[in-house]
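Have a look at the structure below, then the notes.
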Amino acid sequence: MRRAAAAYYAGREPFGAGGDFITAPEMTQAFGEIIGLWAAIAWEGMGRPAPVALVELGPGRGTLMADALRATAEMAPAFRAALRVHLVETSPRLRQAQADMLGTAVAAWHDDIATLPQGPAIILANEFIDALPIRQFVRRGGAWMERFVTAGAFEERPAEDAPPLPEAAEEGAVQEVNETGRAIAAAIAARVAARGGAALFLDYGPERGGFGDSLQAMTAQGSADPLGPAGAADITAHVDFAALGEVARGAGATVHGPVPQGVFLARLGLFSRAAILARMDPKRATAHLAAAQRLAAPEHMGRLFKAICFTHPGLPPLPGFEDP
């Protein structure tokens, strides 16, 4: 998955109407705007530190950040003045797209989270964890085998150096483990717990992972073979939100959620903002309202996609994660 993702993002334009998929920021500017204002409220709760790092993991073309910066400049100018944008991106091609979109607003790019500035931070990650490489284990004859890929096909070998796996599983059961995602979640949680801040992840998957094979590949034409030529399709897997929350708590952070993305975005005012955009842009009114429905309606992205947040233990509850 790691090699395939590197090849994919190095050689294709995946985002937007002409790409293989459309992420939430590409659907409507309202998404990035309300996420930016959510970050401004988090900053207020942090005691308005200046400067503060506003970090995005896997920022795509920079659309979310551009919309967030525009909204905060208008509605939260003190936050906009205090923030410094840091982007975690490994693709040179996408770094250039982000530079074209954001210009001098970017303070620095980073290959990983280890080089982020040391102070307080607000960290955003939209559809980031799902693209990280997973391990798959298959139950065979009362033992766990691990799946590898050899010459474009799965190969099963005895599981070595495996993480803790369920003792009881039916023959053929598949257990997925995203070790990279858990490690990143733990490191970010430890950071906000020690230095102040909040981290917001929006992604897709069950609240609590179970058995099942969720590996999938997508192109503009629809589903594709995950074992096809490297770089030919977008390869992802479901996020286990309970596992992320568990490692974040273990690292000392307070965990909020997960909550369904539709509930989270509605609480942040997605539909109100979409209605305003529809009135301001009547020619695209239907598109603005339809985008909000696609993001929040349970039958679209509203239920399968979820939001989870890690914060410093002293930070007040943040919008979107209120108790029902």
Partners meeting side chain to side chain donor-acceptor pair (under 3.5 Å) with Thr28 (sequence neighbours left out):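 Side chain to side chain donor-acceptor pair (under 3.5 Å) check on Thr28 returns nothing, list empty.
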Check your understanding: Under the side chain to side chain donor-acceptor pair (under 3.5 Å) test, which residues partner Thr311, sequence neighbours left out?
Key ->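 Testing Thr311 for side chain to side chain donor-acceptor pair (under 3.5 Å), a comparison that skips the adjacent residues, returns His256.
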Using side-chain heavy atoms (C-beta onward) and a distance below 4.5 Å, is [X] in contact with [Y]?
X      : Y      : result
Met65  : Pro59  : no
Leu202 : Ile35  : yes
Gln175 : Pro166 : yes
Phe271 : Arg273 : no
Phe31  : Asp67  : no
Asp112 : Ile184 : no
Asp213 : Arg147 : yes
Glu146 : Glu160 : no

Under 3.5 Å: donor-acceptor pair, side chain of [X], backbone of [Y]:
X      : Y      : answer
Asp240 : Gly209 : yes
Arg80  : Ala73  : no
Arg191 : Gly119 : yes
Arg140 : Ala143 : no

So, taking the atom named [atom1] in [X] and the one named [atom2] in [Y], what distance separates them when rounded to the nearest 0.5 Å?
X      : Y      : atom1 : atom2 : result
His238 : Thr236 : NE2   : OG1   : 7.5 Å
Leu57  : Ile129 : CG    : CD1   : 7.5 Å
Leu64  : Gln29  : CG    : CD    : 12.0 Å
Glu33  : Leu270 : CD    : CG    : 10.5 Å
Glu44  : Leu318 : CD    : CG    : 11.5 Å
Ile308 : Gln261 : CD1   : CD    : 14.0 Å

Residues passing the ring pair (Phe, Tyr, Trp, His ring centres under 6.0 Å) test with Phe137, sequence neighbours excluded, are none
For Phe305, the ring pair (Phe, Tyr, Trp, His ring centres under 6.0 Å) test, sequence neighbours excluded, returns Tyr204
Same apolar cluster (I L V M F W Y, side chains within < 4.5 Å links), [X]/[Y]:
X      : Y      : answer
Leu200 : Leu268 : yes
Ile122 : Trp109 : yes
Leu132 : Leu94  : no
Phe264 : Leu304 : yes
Val52  : Ile113 : no

Work out which heavy atom in [X] is nearest to a heavy atom in [Y]; give both atom names and the distance.
X      : Y      : answer
Trp144 : Ala173 : CZ3-O, 3.7 Å
Pro49  : Trp43  : O-NE1, 2.7 Å
Ala232 : Thr219 : O-CG2, 3.5 Å
Ala39  : Leu54  : CB-CD1, 4.2 Å
Ala198 : Leu315 : CB-CD2, 4.0 Å
Gly320 : Val259 : O-CG2, 3.8 Å

Just list the side-chain donor-acceptor pairs under 3.5 Å for residues 82-89, sequence neighbours left out, or say none.
from: Arg84; atom 1: NH1; to: Ala81; atom 2: O; distance (Å): 2.9
from: Arg84; atom 1: NH1; to: Ala82; atom 2: O; distance (Å): 3.2
from: His86; atom 1: ND1; to: His110; atom 2: NE2; distance (Å): 2.9
from: Glu89; atom 1: OE1; to: Gln98; atom 2: NE2; distance (Å): 3.1
from: Glu89; atom 1: OE2; to: Ser91; atom 2: N; distance (Å): 3.0

Apart from [X] itself, which Ile, Leu, Val, Met, Phe, Trp or Tyr residues share its cluster (side-chain heavy atoms under 4.5 Å, direct or through members)?
X      : value
Ile41  : none
Leu227 : Met1, Ile134, Val149, Phe154, Leu215, Ile235
Met280 : Ile276

Worksheet item: Between Phe201 and Phe310, how do the two ring planes meet: parallel, tilted or perpendicular, split at 30° and 60°?
Response: tilted
Answer yes or no: is there an ion pair linking [X] with [Y], defined by an N-O contact shorter than 4.0 Å?
X      : Y      : value
Arg70  : Glu74  : no
Asp111 : Arg95  : yes
Glu179 : Arg135 : yes

Those residues at least two apart in sequence (or on a different chain) that pass salt bridge (charged side-chain N to carboxylate O under 4.0 Å, His left out) with Asp130 are none
Sorted by chain and number, sequence neighbours left out, salt bridge (charged side-chain N to carboxylate O under 4.0 Å, His left out) with Glu155 holds for Arg157
Which pairs with one or both residues in residues 278-307 pass salt bridge (Lys or Arg N to Asp or Glu O under 4.0 Å), sequence neighbours excluded?
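Matches after skipping sequence neighbours: Asp281-Arg284.
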Have Glu176 and Ser214 got a donor and an acceptor in their side chains that come within less than 3.5 Å?
yes
Problem set entry | Modelled atom types, side-chain donor and acceptor of Thr23 and Glu127, under 3.5 Å |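 No pair is found: no donor N or O on one side chain lies under 3.5 Å from an acceptor on the other.
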Pair up each side-chain donor or acceptor in residues 241-254 with any protein partner under 3.5 Å, not counting sequence neighbours, and list the distances.
from: Arg249; atom 1: NH1; to: Gly245; atom 2: O; distance (Å): 3.4

>> For Leu37 and Ile34: C-alpha separation, side-chain torsions, deciding distance, then whether side chain to side chain contact (heavy atoms under 4.5 Å, CB included) applies.
In response: CA-CA 5 Å; Leu37 296 177; Ile34 62 175; 5.6 Å; no
Q: Determine, step by step, whether Ser223 and Gln216 satisfy the side chain to side chain contact (heavy atoms under 4.5 Å, CB included) criterion, reporting the C-alpha distance in whole Å, the side-chain angles of both residues, the deciding distance to 0.1 Å, and the verdict.
A: CA-CA 7 Å; Ser223 298; Gln216 67 173 8; 5.9 Å; no
